[in-house]
There are 2 protein chains.
Amino acid sequence: MNSKTRAAQLDDVSKAIIEQLQEDGRRSYAEIGKAVGLSEAAVRQRVQKLTDAGVMQVVAVTDPMQLGFYRQAMIGLRCSGDTRAIADQLASMPSVDYVVLTAGSFDIMAEVVCESDEDLITLLNEQIRKLEGVVSTETFVYLKLHKQLYNWGTR
Amino acid sequence: MNSKTRAAQLDDVSKAIIEQLQEDGRRSYAEIGKAVGLSEAAVRQRVQKLTDAGVMQVVAVTDPMQLGFYRQAMIGLRCSGDTRAIADQLASMPSVDYVVLTAGSFDIMAEVVCESDEDLITLLNEQIRKLEGVVSTETFVYLKLHKQLYNWGTR
DNA sequence: GATAAAACTACGAAATCCACATATTTACTC
DNA sequence: GAGTAAATATGTGGATTTCGTAGTTTTATC
């Protein structure tokens, strides 16, 4: 197993199915079938495959602001040592929803979601900046989220 | 209209419903009802409300890597003038899937999804860096995506 | 062109969704 | 606290969808 890393070569029908579910994750297989020219069972089969392969997943996404998380930020980290170990530790923090190893003047970038400035300060000082190997951090507080898409890959 | 900005005060039941759908966006209303202690119709009604209010949406999300987009990057922009206008223009570019206005040494951060390094270079030079008011950019090429959550808000 | 694997269709049974009528709870006013 | 309106929840029956499975077509390989 583990087709999680590369692989996949989606045909147009599968892409069309994904597009349908990107518009509405609860659309019925029958309706999708009509839209893409396939039987209900075939759509079901393909969705199962795509999901199993990790190509796609159908989930609820929420707006943090509407749920009481009024402070979001991107944090750039400069590190020494193994960045993967640090990334793992960041990833294990509940307030951290996004971690990526990067090339450039930061080694890691992490997005955090906090309820308040207080929480952000605490998170930074008591958790992130205390991690072994974190040399320095730079915080980019979000002023306004302008665009957020979940539909890569089928344009 | 437009409860898109603040508002919302979710009770535990609605949070539980969201959690259910974050695990599986296609879970049946009946099953969710059983899990949260509500009738099927009530769950449906709440989901409809949450969706209409923009608190939550059920969608398919995909793994860009598996769809042939082998190069992702975060781009930090330093700008002069109105950052909102620039953000709008960035947001209108298909390769850009995430745009946020920030405080700090960057005014805007944008995530981009490209098929190749070639595409990234083209995007940067022929589109992003040509925008009026973009003073300088810094590109953080993604080496490894480590964590990506869609389930903020109900922890 | 034979063969095997993969993908698709068809179809009945079970489960789910949906619309609506009714009941209950909540919030507010006096 | 009683009265009232609005919001929220339940129950029900019919329409729709999902699910499993068996059989057919397509695709790939040698």
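Side-chain atoms are counted along with the backbone in the values below, which use heavy atoms only and exclude waters and symmetry mates. So you know, we letter chains A, B, ... as the sequences are listed, proteins then strands, and number each from 1.
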Under a side-chain separation threshold of 4.5 Å, the hydrophobic residues clustered together with B/Y98 are A/M74, A/Y98, A/V100, A/F106, A/M109, A/F140, A/Y142, A/L145, B/M74, B/V100, B/F106, B/M109, B/F140, B/Y142, B/L145
Take the protein atom CG of B/L38 and the nucleotide atom C1' of C/dT25, then report the distance between them rounded to whole Å. 13 Å
What pairs of residues pass the ring pair (Phe, Tyr, Trp, His ring centres under 6.0 Å) test when at least one of them lies in residues 35-57 of chain A, not counting sequence neighbours? none
The first and last nucleotides of DNA chain D lying within contact of chain B, meaning any atom under 4.0 Å from one of its heavy atoms, run from D/dT8 to D/dT18
Spell out, as yes or no, whether a donor-acceptor pair under 3.5 Å connects the side chain of A/S14 to the backbone of A/D11. no
Could you give all pairs that pass the ring pair (Phe, Tyr, Trp, His ring centres under 6.0 Å) test and reach residues 27-63 of chain B, with sequence neighbours left out? none
Under 4.5 Å between side-chain heavy atoms, chaining through other members, with only Ile, Leu, Val, Met, Phe, Trp and Tyr counted: pull out the rest of the cluster around B/I121, sorted by chain and number. none
Can you build the contact string for nucleotides 15-22 of chain C? Use B for base contact, S for sugar-phosphate-only contact, and - for no protein heavy atom under 4.0 Å. -SSBB---
Side-chain ion pair, A/R78 and A/E138, N-O less than 4.0 Å: yes
Ignoring hydrogens and geometry, is there a side-chain-to-backbone donor-acceptor pair from B/R26 to A/R27 under 3.5 Å? yes
Salt bridge or not for A/R44 and A/E40, using N-O below 4.0 Å? yes
